[in-house]
Amino acid sequence: MDYTTDTVKQIFKNLHDYNPVVSGVIDKVTKVLIPISLALLAILFMVEWLEFRKQLIKEGGTPTMELLANLAIKYLMAYALIMLSPYIVDSVIWLGIQISEWINSVMPSQNLKTTIPTIKGSIAWYEKPFLYVLMAIAQVVDWLGSWITSIIVYLRALTLFFYKGLAPLMVVFFMNDELRSISLGFLKQLGALVIQGSLLILIIGIYPAIVSSDFLTVSASGDFLSNVGAFFTVIGKAVIFILLIIGSQRLANKLMGVLG
């Protein structure tokens, strides 16, 4: 397995560099959603002002321009956030990339590939089929590690595209008490996706050290058992790596306090 080339480079790419075509489509979606978001924001402003005015009159107060201005300031800030929401998402992603690059800069410079061991020693003919099966399993698990890593990185990038496209609506949701939880969940999920990139770099960076260490080495006597131990060592290390890669999303969610 070689995780230090294309996979790492993809984590370091912003959305436009990752896929310019999809990025262009998302930009168009954002431009469509911004007017819709502004219209919803205006509706929420009118509804909140009417409810506030009704409650104020009920309590014997009088609506004033000062009260209207105070309410309007809050919605003007929301207006600015809607217009800037795509750039804010890009900035958050950029910050995550910088953190990932800093982490990668202190990782070991090793670029180790997993070597599937060959059958060594004097092996009886009836023992060889079992060893060949273990060799095939080790090769498949090793390949699965590379494939799953690429899939996780791809799904992370795809999710970030969706989040950037939906960002304007999330600002509107934040202005409504009943929908605010959706907006807060959106922010936490976005943060978790950014953190996941750094976790992936950390996992990929320490994997060469795991491969080179002997803490999972199965010691055995005899040529047959020695070969079995060598194959199980490779399989065990690859399985641990796969579990770490898959668990990176759950760990990132826990760090951001995302439920589920």
Side-chain angles (χ1 to χ4, degrees), residues 14-99 155-197 249-250 252-260:
N14 57 42
L15 295 183
H16 181 267
D17 292 338
Y18 185 85
N19 193 316
V21 176
V22 177
S23 180
V25 173
I26 293 300
D27 288 341
K28 293 179 181 178
V29 171
T30 303
K31 290 179 180 179
V32 171
L33 289 180
I34 284 178
I36 297 175
S37 300
L38 293 177
L40 292 174
L41 185 68
I43 294 173
L44 290 177
F45 171 73
M46 293 301 300
V47 170
E48 184 171 352
W49 169 247
L50 291 175
E51 290 181 351
F52 178 73
R53 182 175 180 272
K54 180 179 179 181
Q55 184 66 26
L56 191 64
I57 294 175
K58 184 178 180 181
E59 294 176 355
T62 303
T64 64
M65 290 301 297
E66 182 179 358
L67 295 175
L68 179 61
N70 290 335
L71 182 62
I73 289 175
K74 181 176 70 171
Y75 279 87
L76 284 174
M77 294 177 62
Y79 168 81
L81 290 175
I82 289 174
M83 300 302 295
L84 296 174
S85 58
Y87 305 102
I88 294 174
V89 173
D90 284 336
S91 299
V92 172
I93 295 173
W94 176 86
L95 179 60
I97 292 173
Q98 301 309 307
I99 295 174
L155 290 176
R156 173 180 173 272
L158 190 62
T159 307
L160 286 172
F161 277 120
F162 292 150
Y163 274 47
K164 180 180 178 180
L166 295 174
L169 285 177
M170 294 301 109
V171 177
V172 179
F173 291 167
F174 187 80
M175 302 303 296
N176 184 273
D177 293 336
E178 296 179 357
L179 301 177
R180 186 167 298 158
S181 60
I182 299 176
S183 181
L184 293 175
F186 170 87
L187 293 175
K188 291 181 179 180
Q189 286 282 5
L190 178 62
L193 287 169
V194 172
I195 291 176
Q196 186 185 13
Q249 183 176 12
R250 180 180 293 273
N253 287 340
K254 286 184 178 180
L255 291 175
M256 290 301 299
V258 180
L259 301 178

Query - Residues Val172, Asn176; criterion side-chain contact (heavy atoms from CB on, under 4.5 Å); working and verdict - result: CA-CA 7 Å; Val172 179; Asn176 184 273; over 6 Å; no
Rounded to the nearest 0.5 Å, how far apart are [atom1] of [X] and [atom2] of [Y]?
X      : Y      : atom1 : atom2 : value
Ser91  : Asn14  : OG    : CG    : 11.0 Å
Gln196 : Leu160 : CD    : CG    : 9.0 Å
Lys31  : Ile26  : NZ    : CD1   : 13.0 Å
Met175 : Leu81  : CE    : CG    : 9.0 Å
Leu50  : Glu48  : CG    : CD    : 10.5 Å
Leu41  : Met46  : CG    : CE    : 12.5 Å

Query raised in the report: Between the side chain of Ser23 and the main-chain N/O of Pro20, is any donor-acceptor distance below 3.5 Å?
Result: no
Query raised in the report: Are the side chain of Arg180 and the backbone N or O of Phe173 linked by a donor-acceptor pair below 3.5 Å?
Result: no
Answer yes or no: is there a side-chain heavy-atom contact under 4.5 Å between [X] and [Y]?
X      : Y      : result
Ile82  : Leu169 : no
Val29  : Leu33  : yes
Asn253 : Gln189 : yes
Asp27  : Lys164 : yes

Query raised in the report: Are more than 12 heavy atoms from other residues, nucleotides or ligands located less than 6.0 Å from atom CZ of Phe174?
Result: no
Requested in this report: Verify the neighbour count for atom OH of Tyr79: are there more than 12 heavy atoms of other residues, nucleotides or ligands below 6.0 Å?
Outcome: no
Non-hydrogen atoms of [X] and [Y] that approach each other most closely:
X      : Y      : result
Ile36  : Val32  : CG1-O, 3.6 Å
Ser183 : Met170 : OG-O, 2.9 Å
Ala192 : Ala252 : O-CB, 3.3 Å
Ala167 : Val89  : CB-CG2, 3.8 Å
Gly165 : Thr30  : CA-OG1, 3.6 Å

Query - Reference residue Leu15; test side-chain contact (heavy atoms from CB on, under 4.5 Å); the match among Tyr163, Phe161, Trp94 - result: Phe161
